[in-house]
Amino acid sequence: MTPLVVFCDDTSGNKSKVWNKFESFCVLLAGLPQEQNTNLKNIHFVCTSNKVPVMEMARPLVEEFKIREDGIIAYDAYLCCKVIAVAPIMCILCDNPMGAEICSHLGANTYMFCRICTTDSRSSHIHVAALRTKSNTLSQVQKIKLATTQREKGKLQTEYGISPEENPFLDLQLDLHRSTPVEVLHTLILGPYKYLLRAKMAKLSTKQCMEVAARVRAFPSSGLLMKVSTDISKYYRSFVGRDFKAFAQIALSLFDCIRVRSVAGSV
């Protein structure tokens, strides 16, 4: 048995800053040591396209994955006999928006915003609710499709947080809701990190912004993978994930002695 990890992400086909999105699929061996996971020789590139939607690309891939889940007959040169080689999908690595699509979930902007559990944003107390399962999702998709009116379909989608669109990934054996790990980029770096920085910088006076820039220049950055821009007050709204990641490592040192204006404007 050789478990596989499927990686799916969008990458740019341009060297410039103009985004030209290519959806790509890669496959890795799940049992490799951590230090070898990112070695190019251990990453099997499968396909990419900036024209074909993800679900259309996934359809023939899933058919191949299903064959390997059931097992194929191969010859083992060590044992000198035929064996059944099984390669199930252990998990699918992707960002949160793609994870929602793979799970037939409507995404984070719905009342039922979590693709892993059924917590409801309309509740007065947000908590981990009953876990979603593939069997329940298949049942909910079927109920939405059987609804007789568009209004009824929309009501069920809102209630379940589930999309009825065709999803070939649901044909795999793994439970997608438990096999699409939550990723750090959108959950933390482009979530709380991003909005806390924006809220903090928006309340600083010109003098305080100059102090922050001076603190950035003075900070010993030899241990950071990348430096934070000293013009942070000018460019913080244009930061991308790597910028927020670097900034999060020095934020406490920068803001520790700076008091911000209250909503009323006092210091």
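Just so you know, residue 1 is the first one in the sequence shown, and it goes up from there. Atoms considered below: every heavy atom in the structure, side chains included; atoms not considered: hydrogens, waters and symmetry mates.
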Main-chain N/O of [Y] paired to [X] side chain as donor or acceptor, under 3.5 Å:
X: Q208; Y: S205; answer: yes
X: S179; Y: D175; answer: yes
X: R115; Y: G161; answer: no
X: N39; Y: N42; answer: no
X: S139; Y: S135; answer: no
X: D243; Y: Y236; answer: no
X: K134; Y: L172; answer: yes
X: K153; Y: K145; answer: yes
X: R198; Y: R237; answer: yes

| field | E23/K21 under salt bridge (charged side-chain N to carboxylate O under 4.0 Å, His left out): CA gap, chis, key distance, verdict | value | CA-CA 6 Å; E23 300 287 359; K21 186 171 72 170; 3.5 Å; yes

Measuring from [X]:[atom1] to [Y]:[atom2], what's the distance to the nearest 0.5 Å?
X: F45; Y: C26; atom1: CZ; atom2: SG; result: 6.0 Å
X: T148; Y: E152; atom1: OG1; atom2: CD; result: 4.5 Å
X: M112; Y: T158; atom1: CE; atom2: OG1; result: 10.5 Å
X: C94; Y: F25; atom1: SG; atom2: CZ; result: 9.0 Å
X: E69; Y: L4; atom1: CD; atom2: CG; result: 9.5 Å
X: I116; Y: H177; atom1: CD1; atom2: NE2; result: 9.5 Å

[X] with [Y]: basic N within carboxylate O range, under 4.0 Å:
X: E159; Y: K155; answer: no
X: E63; Y: K66; answer: yes
X: E211; Y: K207; answer: no

| query | Can you name the residues that form a side-chain contact (heavy atoms from CB on, under 4.5 Å) with A108, not counting sequence neighbours? | reply | none

| Taking all atoms of both residues into account, what is the closest heavy-atom pair of N96 and E183, and its distance? | N-OE2, 2.9 Å

| request: Locate the shortest heavy-atom distance separating M90 from P3; write the atom from each residue and the value. | output: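 Taking every non-hydrogen atom into account, CB-CB, 4.3 Å.
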
Would you indicate whether [X], at its atom [atom1], is surrounded by more than 12 heavy atoms from other residues, nucleotides or ligands within a distance under 6.0 Å?
X: Y75; atom1: OH; answer: yes
X: I73; atom1: CD1; answer: no
X: Y111; atom1: OH; answer: no

| request: Answer with yes or no whether the side chains of T118 and R132 bring together a donor and an acceptor at under 3.5 Å. | output: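 No, no side-chain donor-acceptor pair sits under 3.5 Å.
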
| said: Side chains of M55 and P53, heavy atoms from C-beta outward: is any pair under 4.5 Å? | reply: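 Result no, sub-4.5 Å side-chain heavy-atom pair not found.
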
| task | Report yes if some heavy atom in the side chain of I67 is under 4.5 Å from a heavy atom in the side chain of I72; otherwise report no. | result |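 Side-chain contact under 4.5 Å: yes.
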
| field | Worked check of side chain to side chain donor-acceptor pair (under 3.5 Å) between D120 and S123 | value | CA-CA 6 Å; D120 192 335; S123 171; over 6 Å; no

| message | Applying the side chain to side chain contact (heavy atoms under 4.5 Å, CB included) criterion to Q157, which one of I162, V141, I144, T110 satisfies it? | response |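 Result: among I162, V141, I144, T110, I144 is the only option passing the side chain to side chain contact (heavy atoms under 4.5 Å, CB included) with Q157.
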
